[in-house]
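Ligands are counted one by one from 1 in listed order, and the atoms in each one are counted from 1 as well.
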Amino acid sequence: LDVVSDVFDSLLGQERAVNALRHYAQHPVHAYLFTGPAGSGIHEALVAFSAALQCSDAGCGDCESCRLALGGADSDVTFIERTGVLWNVEEFKEAERISRRVPLGRSHQIVIIENVELTAGSVGKLLKILEEPPRRTIFLLSAESLPETLATVVSRCIEVPFSPLSDEVISNYLVQQGFAMMAARAAAAASGGDLRRAQVLVRDAELALRIATWQSVPENLDAINAHNAALALEISAMVDEAMKPLLALQAEELERLTANAKAMGRRSLPGRKEIEVRFRREQRRFRLDDVCFGLSALTHVYRERMVDGLEALDDGDRRSRSIVTGAVASIELIDLASRSLRANVDEQLVLTNLLLSLARS
Ligand SMILES: [Zn+2]
């Protein structure tokens, strides 16, 4: 067996993508597009691949170039920062400006733009900067999904697909990290194939309790609106608690990166502002995922209610018709709430409205 040790070693469960990247690092072209779901390791792969592109040995993991790029300290590797939900033209202009710089080092000028699916009106600008970049510039793009509007962008890049991680890969990894098998399995199952989310959930002693709270919502609803609104507040407070392991993980990461930068002779951590922006985005994302995960646990309760009702109807119990219609209406309300949250409607507003409407249906 050929054991390779390089910058890609730490990427979990993505053998196909990693093999492709090892190959591409030898003969790079000017643009790559990494596609796959959140938590499949795309951000880490972008960092590893940029190191491989800078390394004279295609990513040995050991030389100065590799260490600088892996530590986020290579000034020829730039993650373009997005301030809003969607990319805007100004941000792509900044990407273009950087892409035109001559690299300070001997290798490439690498410009990384994550989540290019969030472009809306500025796809034209993105396409323009991908056209005829300077010889030593390489664009690394990533997207969680490929809407039709991106078709021309895709056609200008080599696509590198990443798959969601299986529960087994995730739980094995967590066990290797020293977590108990039961906790690792529960976190993997609740993570939706997202390793980062699993790493937070496995540190979360309250995960089972949180799922149980969501599942008990139907029995805790009341005819009194104020009571239901208070329940929505309680749920939000519970999600606040769920954020704590993520905040701790981010603090550890910042500490580690700062220590690395110091070890490399830097007085402060390069790109600290960008890292903090990324952390805040990750927090919003985690919170959204956590609430949507709770909503799916709640949907499950109504779905069981619906199935039981249908069975009772089959057995001739006519009274269960109203149970079925109520459960169906509830499932629709929850689905609507999920979509509102994903469209950035205020969480507290959505949850309160949801519980008030569920109490009536
Ligand atoms: Zn190297």
* Structure fact -> Closest heavy-atom pair, Thr152 versus Leu127, reported as atoms and distance to 0.1 Å, is OG1-CD1, 3.4 Å
* Check which protein N, O or S atoms are less than 2.8 Å from the Zn ion (ligand 1) and report how many there are. => 4
* Is the CD atom of Glu94 crowded by more than 12 outside heavy atoms at less than 6.0 Å? -> yes
* To do: Assess Arg197 against Phe293: is NZ or CZ under 6.0 Å from the centre of the six-membered ring, and within 45 degrees of the ring's axis?
  => yes
* **Least distance between heavy atoms, Leu11 atom then Ala48 atom** => CD1-CB, 4.4 Å
* Below 4.0 angstrom, N of the basic side chain to O of the carboxylate: do Arg101 and Asp76 qualify? -> no
* In chain order, what residues pass the ring-ring contact (aromatic ring centres under 6.0 Å, His included) check against His43, with sequence neighbours excluded? -> Phe79
